[in-house]
Amino acid sequence: MKAVRSDNTRRLSGYYLILLLILLIGMLGRGFHFYLTLGSDDQRWIIAARALTGTESVSIPVHFYPRIVWRCVLALWGLPWGLTLEISAILMFLLAAISIVLVALIARLLFSERASLLAAAFHATYPINVQFDPTTLPDGLAVPLMLLAVFLFARFLKDRRTGLLAGSAFTAGVLFAVKEYFVLITVPFGLCLLFSQLGFKEKKRYLTVLVLFFTLGFSVDFLLHAVESQDPIAHFRPLLTYSARYEAFLSQGQANPSTLHRIYYFVNERFDCFRWVLFDYGVVGGFLMAFGGLYLGFSSRKDQGCLLLFAGVVTFVLFLSAMPVSFFPPRFVETQSRYAMIFLPMLAIGAGAACSSAWTNLSDKALRFSSAALLALVCLWNLWVPNSMAQRSGRRLEMVGIRNCLDGAGKFGFSQLVLPAHYDELVPDSYYQRGVKLTFAQEDLNMPLAAYGNVDSFLDEPQATAFFVPLTKDQSISQKLVLLGFAPVNIQVPETSLRSWLHKIGIRGQGQLVGWLYMRNAR
């Protein structure tokens, strides 16, 4: 008996040691590609969270305020040391680590320890996760919460304890206040109960528990909004304007989108989920994930765990591909590559289970070692893929360019930097600590230079003033600045993760143009 116990202890020690190694590699990969300002919305979520404590004066669009559990978590995290992007980044890395561990625990519960470690490795190294996990976005909290709900429900499938089902349903309900459509994880829960071998009375009882505790979790949103603003349905008001906001986004650059343009955009966008996973972030890793999805699908008829995961993948893919937000004209939900984070954990678990099953059926040692080496190479390649994707991540490189302008203020000889309107919602707090006054132009929609308002109003101030003009803005401002005696300096930044690290140690290349710094007597 002691010998068996000792063997089990050694086996578990080896398992947790390998899981810890996978976790470490995953975190190092995220750290290698990490930028403080990864996308467009990072600082806006900091502002929205600080509004809860009354410590924020900047106002942002109303649709950033409804996700109140996400805002509360950020605000609570920042209470001991102050909430900034530097502080929230630590939280995001912790949440990413929790997600990797939960993927491993779910795969271990439903399949095996080998499948668990493989699933954790695939999830820890998949490029979309590596690129977006450290970002201060609600997806970072929604994914581990969803995985916790799945883990509790998977435990329920094994033990049939009502408390596990209640905890799973409650967690799924809370997800609405983090990111709305993550609550769809309850669809697989309901399907598993409906297609189980239980009797009618048991099914009815468990479905009642599922609905009741989901409703309780869902009601957390109403309660927190009632406390914050005395408006329990505050979450739903911005949702009613989603269609109009998305139409405005689609229409940027085109005053009247043609019917052909709408059709092309619709068809192209509806297949985004497949393009992201299979091609955009690496064909080999993508088809490995697809292999996992197929394995779950073909096994779902005989295994409730596979049904749970496969139904989750199908539900979320269908939502992202075909969920209408209006019918006249027809519009569907916006898609971005990071939205795939909702179903990638399930594909990773399926891929881990599929590869583990294939390994078991391999009798040739050379073939086994070759397969293991191939999977290791796939994971390493996955970690490398985000190296050249910085330019796809909103304003990541643009924010790096602004930071470089601030750092070079002494060399260029300016003490005030003027940025476009609304950039006070985007630049991190640390940019105010670099010895340069940041001024944000006031938007005037009646002027062609709307992003900067009245340029002349900045010229009478005593400070030496410079203007940062990003590539994304109307370049008519550049013409006016030149007429006023300003000269441009190209602002170029390293466009890959590797070049960014080389830049930090003094090895500098040309970089990618992100905008211009306009100054008088530019040197």
Side-chain angles (χ1 to χ4, degrees), residues 38-49 52 60-77 88 91-92 94-96 98-99 102-103 128-129 131-150 168-189 214 217-225 228 233-243 245-246 249 272-273 276 312-313 315-321 323 325 332-346 394:
L38 179 65
S40 301
D41 296 339
D42 313 50
Q43 181 65 18
R44 284 174 172 149
W45 289 116
I46 298 294
I47 293 170
L52 286 171
I60 56 176
V62 294
H63 57 271
F64 283 95
Y65 293 99
R67 294 169 179 172
I68 192 150
V69 166
W70 164 237
R71 291 170 57 209
C72 286
V73 169
L74 279 179
L76 290 171
W77 177 260
S88 68
L91 172 64
M92 304 318 294
L94 288 174
L95 290 173
I98 292 171
S99 294
L102 283 170
V103 164
I128 291 179
N129 297 327
Q131 185 179 9
F132 291 108
D133 271 349
T135 318
T136 303
L137 293 172
D139 311 68
L141 176 62
V143 170
L145 273 180
M146 179 195 69
L147 289 172
L148 176 61
V150 172
S168 177
F170 181 83
T171 305
V174 170
L175 278 166
F176 180 77
V178 181
K179 193 158 187 178
E180 296 82 4
Y181 60 85
F182 275 67
V183 299
L184 290 174
I185 192 61
T186 52
V187 172
F189 296 169
F214 173 80
F218 197 90
S219 66
V220 169
D221 180 81
F222 296 93
L223 176 62
L224 292 177
H225 276 293
E228 182 199 21
I233 61 171
H235 194 137
F236 295 88
R237 302 187 193 282
L239 292 179
L240 298 177
T241 64
Y242 175 84
S243 178
R245 285 187 281 112
Y246 189 38
F249 170 75
D272 274 350
C273 288
W276 300 330
V313 173
T315 298
F316 292 130
V317 169
L318 285 176
F319 175 84
L320 294 173
S321 299
M323 177 62 187
V325 294
F332 294 78
V333 292
E334 178 190 3
T335 58
Q336 296 182 34
S337 57
R338 66 181 169 87
Y339 294 173
M341 292 171 66
I342 194 173
F343 58 80
L344 285 174
M346 301 169 197

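Taking CG of Asp133 as the start and CG of Leu94 as the end, the distance is 12.0 Å to the nearest 0.5 Å. Note that the CZ atom of Arg71 and the CG atom of Leu141 stand 14.0 Å from one another [nearest 0.5 Å]. Distance check: Asp139 CG to Gln336 CD gives 8.5 Å after rounding to the nearest 0.5 Å. Put simply, CG on Asp221 and CG on Leu175 are 11.5 Å apart, with the number rounded to the nearest 0.5 Å.
Side-chain contact between His235 and Ile68 is absent, with no heavy atoms from C-beta onward closer than 4.5 Å.
Pairing each heavy atom of Ile60 with each of Arg44, the nearest pair is CD1-O, 3.3 Å. Closest of all the heavy-atom pairs between Pro66 and Pro238 is CG-CG, 3.5 Å. Considering every non-hydrogen atom in both Ser88 and Leu74, the closest pair reads CB-CD2, 4.1 Å. Minimum heavy-atom separation, Ile128 to Arg338: CG2-CA, 4.2 Å.
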Working for ring pair (Phe, Tyr, Trp, His ring centres under 6.0 Å), residues Phe182 and Phe319: CA-CA 10 Å; Phe182 275 67; Phe319 175 84; 9.7 Å; no
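Taking the centre of each ring, Phe176 and Phe214 stay at or above the 6.0 Å mark.
Note: Tyr181 and Tyr339 have perpendicular aromatic rings, judged against thresholds of 30 and 60 degrees for the angle between ring planes. Aromatic ring orientation, Trp70 versus Trp45: perpendicular (interplanar angle above 60°, classes split at 30° and 60°).
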